[in-house]
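For reference, the structure is listed below as structure tokens.
For this chain, numbers begin at 1 and follow the sequence in order.
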Amino acid sequence: MNRLAGLFLAFAISLTTTPSPAAAQEKSLTVFAAASMKNALDEIDAAYTAKTGAKITVSYAASSALARQIEQGAPADVFISADTDWMDYATSRKTINESSRVNLLGNSIVLIAPKNSKTDNVNIGPGLDLARLAGDGRIATGDVKSVPAGKYAKAALEKLDAWQAAEPKFAMAESVRAALTLVARGEAVLGIVYATDAKIEPGVKIVGTFPADSHPAIIYPVAATTTAKPGASDYLAFLRSTAAKTILEKYGFKFLVSPST
């Protein structure tokens, strides 16, 4: 009998000390984030996990693809978009908790070339002849119809009267990181990406920066989804913290909110 009682006691203790599947799930979050966020957000998530024990799983892709996946029922807790248009799209589909939305970050777009390219110091302004600069090569950027980086690139080139001549030379990529890779591999002679992307890729160099007034302001909004787990609010608060600000600014992002401690 004593042996049976001991086994029962051990079983009862195990029930109280082993986290239930529901509890384990509460300590995990799924984040859908713009591809350009990868390096910075990976570091932020590591810091958040070290602080809270919560596991963060991130799906990186073009904001357009992520917004549509959320609309189709993908189990995301947080959405970080590289432009306001796709966050607006998600909000209009009732998949975003609008009260949690914050315009968190800013960025800029730059003209890049492979590291060993002879192209250097391009003056980006009215009269820019991007088609001539590209010669027989291709110009890479995100799909100008949907990917935020591509949309910003097209807007800037239209403002500078350079789009019409350069359009036939463009190679449209599924995300800004895919465009970055094309240039780094020498498969495109030029590319238009975010400054933060160029900063982390040793295979490219920045040859020019687009004036801020040549395109809509580059804003990264962040929000919880309408199906988010309760832990999403703490995660969003961490993204606004001084710790996150330090990491994001290290990667070249502009912090648009007053950081919390």
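Distance CZ/F238 to OG/S260: 9.5 Å, rounded to 0.5 Å. A distance of 11.5 Å separates OG1 of T141 from CG of L190, quoted to the nearest 0.5 Å. Note that NZ of K55 and CG of D45 are 12.0 Å apart. Values are rounded to the nearest 0.5 Å. Taken from NZ in K254 to CG in N107, the straight-line distance is 7.0 Å, to the nearest 0.5 Å. Here the CZ-CG distance, from R93 to D88, works out to 11.0 Å after rounding to the nearest 0.5 Å. Interatomic distance, CD1 of I56 versus CD1 of I44, reported as 11.0 Å (0.5 Å rounding).
The two residues V58 and A33 come nearest to each other via the heavy atoms CG1-CB, 4.0 Å. The minimum heavy-atom distance linking Y60 with A35 is given by the pair CB-CA, 4.3 Å. Looking at every heavy atom in both residues, E249 comes nearest to F255 through OE2-CB, 3.8 Å. Here the closest heavy-atom approach between residue A179 and residue G142 is recorded as CB-N, 4.1 Å. Contact between T119 and V207 at its shortest, heavy atoms only, is O-CG1, 3.4 Å. In terms of heavy atoms, A232 sits closest to V78 at CB-CG2, 4.1 Å.
Between F170 and W163, the ring planes lie tilted relative to each other; the angle falls in the 30° to 60° range.
For residues 189-205, the salt bridge (charged side-chain N to carboxylate O under 4.0 Å, His left out) pairs, not counting sequence neighbours, are R177-D197. Residue pairs meeting the ring pair (Phe, Tyr, Trp, His ring centres under 6.0 Å) criterion with at least one member in residues 180-208, sequence neighbours excluded: Y194-Y220.
Looking at residues two or more places apart in sequence or on another chain, you find no salt bridge (Lys or Arg N to Asp or Glu O under 4.0 Å) involving R68. Under the salt bridge (Lys or Arg N to Asp or Glu O under 4.0 Å) criterion, D161 pairs with no residue at all, not counting sequence neighbours. In terms of the ring pair (Phe, Tyr, Trp, His ring centres under 6.0 Å) criterion, residue partners of Y89 (sequence neighbours excluded) are, by chain and number, W86.
A single hydrophobic cluster is seen to contain both V189 and I124, as judged by linkage of ILVMFWY side chains at heavy-atom distances under 4.5 Å, directly or through other members. At a threshold of 4.5 Å between side-chain heavy atoms, the hydrophobic network of Ile, Leu, Val, Met, Phe, Trp and Tyr places Y48 and V31 in one connected group. The hydrophobic cluster containing L239 does not contain I96, counting ILVMFWY residues as joined when their side-chain heavy atoms lie under 4.5 angstrom apart, directly or transitively. In this structure, L130 is a member of the same hydrophobic cluster as V176, with clusters built from ILVMFWY side-chain heavy atoms closer than 4.5 Å. L256 and Y235 fall into different hydrophobic clusters, defined by Ile, Leu, Val, Met, Phe, Trp and Tyr side-chain heavy atoms under 4.5 Å apart, directly or through other members.
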I would like to know whether L180 and I112 meet side-chain contact (heavy atoms from CB on, under 4.5 Å); could you show each step before the answer? CA-CA 9 Å; L180 181 70; I112 60 170; 3.8 Å; yes
Go through the steps to decide whether S28 and T57 satisfy the test side-chain contact (heavy atoms from CB on, under 4.5 Å), and finish with yes or no. CA-CA 8 Å; S28 66; T57 301; over 6 Å; no
Should V122 and L128 be marked as a side-chain contact (heavy atoms from CB on, under 4.5 Å) after you check the CA-CA gap, both sets of side-chain angles, and the distance that decides it? CA-CA 9 Å; V122 177; L128 172 67; 3.9 Å; yes
With side-chain contact (heavy atoms from CB on, under 4.5 Å) as the test, would you mind laying out the steps for M37 and L248 before giving the verdict? CA-CA 9 Å; M37 288 291 299; L248 289 160; 4.0 Å; yes
As a quick check of understanding, evaluate salt bridge (charged side-chain N to carboxylate O under 4.0 Å, His left out) for D234 and K229, giving each step before the final call. CA-CA 10 Å; D234 286 339; K229 293 190 281 292; over 6 Å; no
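The main-chain N or O of F253 is never found under 3.5 Å from a side-chain atom of T196 such that the two would form a donor-acceptor pair. Side-chain atoms of T225 come within 3.5 Å of backbone N or O of A76 as a donor-acceptor pair. Panel note: side chain K27, backbone T52; a donor-acceptor pair is recorded below 3.5 Å. The main-chain N or O of P259 is never found under 3.5 Å from a side-chain atom of R240 such that the two would form a donor-acceptor pair.
The side chain to side chain contact (heavy atoms under 4.5 Å, CB included) test with I192 is passed by exactly one of V110, V144, I109: I109.
In this structure, the side chains of K169 and L133 stay at 4.5 Å or more apart for every pair of heavy atoms.
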Side-chain donor/acceptor pairs under 3.5 Å, residues 147-158, sequence neighbours excluded:
residue: K151; atom: NZ; partner: D83; partner atom: OD2; Å: 3.0
residue: K151; atom: NZ; partner: D85; partner atom: OD2; Å: 3.1
residue: Y152; atom: OH; partner: A82; partner atom: O; Å: 3.2

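With a 6.0 Å radius and a threshold of 12 heavy atoms from other residues, nucleotides or ligands, E98 has its CD atom at or below the threshold. Heavy atoms from other residues, nucleotides or ligands lying under 6.0 Å from CG of D120 number more than 12.
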